[in-house]
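Right, one structure below, let's go through it.
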Amino acid sequence: MTIMGPPSETGRFGEFGGRYVPESLIPACVQLEEVFTSAWSDPRFVDQYRTILTEYGGRPTPVTEVRRFSEKLGVRVFLKREDLAHTGSHKINNVVGQALLTKRMGKSRLIAETGAGQHGVATATAAALMGLECTVFMGEIDVARQALNVFRMKLLGASVIPVTSGSRTLKDAINEAMREWVASVDTTHYCIGSVMGPHPYPYMVREFQRIVGDEALVQVQDLLGGEVPDFVVACVGGGSNAAGTFAGFADTRAQLIGVEPEGGAAINRGIPGVVHGSRSNLLQDDVGQILEAHSISAGLDYPGVGPEHSYLASIGRARYSTANDEEVLGALQLLSRLEGIIPALEPAHAIAYVIREAGKEIPRGSTVLVTMSGRGDKDAETVAQILGESI
Ligand SMILES: *Cc1c(COP(=O)(O)O)cnc(C)c1O
């Protein structure tokens, strides 16, 4: 049986997912679903998407066996190197797909929301490449915290709109982007950055990210003489790099493990609820108010998680663990020193889990594939500050 196939006709993965949007956005979601479904079964579209990711995006990204790190832990670790993709993370896979769909729908403008700025930069990149207008909504507090990414978006020709409502962070930027989408849906596509939002987004974004898992399966089997790894580990913010990775391995015997930040553990500590267009696990208080997530990595600072992860957890196909800020910082330093690879703080959560559980949940001698979702350059300042170094 195919585990990570399409969702139900109403966009559900078990009891999760769906399409909870204002009436005025239903036609846009239906149009997107139809255009995506036809494009994804059109070999010319798929070829165009793959060609851009090859010639522009730097795919396929390699799988690297990290030998010194493995020796230290007593387990054999392989990294899927999304840090080497254009713009420094897996996000390019999704935005190229959605920008191509935007053109296919005859629309001329992309809007996006961003927290740490990485999805905003990726969307602005795809918009520049394909000659689309681009507007990015960002909480006022994040605009101040992420000045470098704001400037990168401007260089790429995007306009950045600071959002001053609510907590002035990511969830408010999402609300504002939804509002703008309602107002300009004839010309505008809303480019969601993870496996979240109303149907078809969680499914569509997973399909655009499955290139990570599909490539990795072939590459790692090549290195393991035809075997699949015992464990496949990825960090989970909204959950797109994990979903794309898991999609390649869901029908194998590999154990799938998602790692959330301890202060934003939506699957581990959340309660099912509806937010931003779909039903999934969510950090909320007794009366249903959404709680703020806290993490050392701004890219994982989100109180919700994609619905398919709630589903995979509910059927026991994937397990979800957490890593705390201290473990993450240690993991980043260890991998940097032993392998010359500085991970972003997000995938450092996945690395931290492997370090902590090697010889425990991950028995000695196991083989482990970890998705290195992005490079750490963007986090150098944060890490320096915590370590008390000045740069
Ligand atoms: C944005 C980001 C993430 C979190 O997003 P997911 O949808 O959970 O993959 C993880 N790693 C990096 C490097 C990112 O930029």
Side-chain angles (χ1 to χ4, degrees), residues 61 79-95 97-98 112-123 125 136 138 142 146 149 152 170 173-174 191-197 201-213 233-247 257-261 264-267 276 280-281 293 295-310 312 318 320 322-323 328 331-332 335 341-353 370-380 382:
T61 59
L79 303 180
K80 177 59 174 164
R81 300 291 305 280
E82 294 303 293
D83 57 318
L84 297 178
H86 182 45
T87 72
S89 85
H90 66 294
K91 287 193 167 72
I92 193 76
N93 307 324
N94 173 38
V95 294
Q98 290 197 50
E113 86 295 327
T114 194
Q118 295 301 112
H119 174 59
V121 170
T123 306
T125 299
V136 178
M138 197 167 179
D142 291 330
Q146 307 288 342
N149 275 339
R152 288 168 79 196
L170 179 60
I174 295 176
C191 184
I192 294 184
S194 190
V195 284
M196 325 251 323
Y201 283 98
Y203 168 50
M204 176 181 75
V205 175
R206 179 250 279 171
E207 288 298 291
F208 286 144
Q209 291 293 357
R210 76 178 304 138
I211 196 163
V212 177
V233 185
C235 66
V236 175
S240 68
N241 84 89
T245 305
F246 291 175
I257 295 170
V259 186
E260 300 184 291
I267 296 196
H276 297 137
S280 190
N281 278 51
S295 158
I296 190 174
S297 76
L300 300 183
D301 237 346
Y302 182 75
V305 65
E308 196 171 18
H309 287 292
S310 291
L312 291 171
Y320 295 83
T322 60
V328 167
L332 180 143
L335 190 73
I341 297 170
I342 304 177
L345 284 166
E346 294 90 352
H349 284 70
I351 300 289
Y353 168 82
V370 181
T371 296
M372 178 58 43
S373 57
R375 62 174 186 239
D377 309 40
K378 69 180 176 63
D379 297 318
T382 306

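Order of appearance sets the numbers: ligands from 1, and atoms from 1 within every ligand.
Rounded to the nearest 0.5 angstrom, His119 NE2 and Glu113 CD are separated by 5.5 Å. For the atom pair CD1 of Ile192 and CD1 of Ile174, the computed distance is 8.0 Å after rounding to the nearest 0.5 Å.
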Distance dump, ligand 1 polar atoms to protein, N/O, under 3.5 Å:
residue	atom	partner	partner atom	Å
ligand 1	7 (O)	Ser194	OG	2.6
ligand 1	7 (O)	Gly239	N	3.3
ligand 1	7 (O)	Ser240	N	2.7
ligand 1	7 (O)	Ser240	OG	2.7
ligand 1	8 (O)	Gly237	N	2.8
ligand 1	8 (O)	Gly238	N	3.3
ligand 1	8 (O)	Gly239	N	2.8
ligand 1	9 (O)	His90	NE2	2.9
ligand 1	9 (O)	Ser240	N	3.4
ligand 1	9 (O)	Ser240	OG	3.2
ligand 1	9 (O)	Asn241	N	2.9
ligand 1	9 (O)	Asn241	ND2	2.8
ligand 1	11 (N)	Ser373	OG	2.7
ligand 1	15 (O)	Lys91	NZ	2.5

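The salt bridge (Lys or Arg N to Asp or Glu O under 4.0 Å) check on Glu308 picks up Arg206, with sequence neighbours excluded. Shown here are the ring-ring contact (aromatic ring centres under 6.0 Å, His included) partners of Phe208, two or more places apart in sequence or in another chain: Phe36, Trp40, Tyr49. Under the side chain to side chain contact (heavy atoms under 4.5 Å, CB included) criterion, Pro261 pairs with Ser295, Leu300, His349, not counting sequence neighbours.
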- Item | Worked check of side-chain contact (heavy atoms from CB on, under 4.5 Å) between Leu332 and Leu345 | CA-CA 7 Å; Leu332 180 143; Leu345 284 166; 3.8 Å; yes

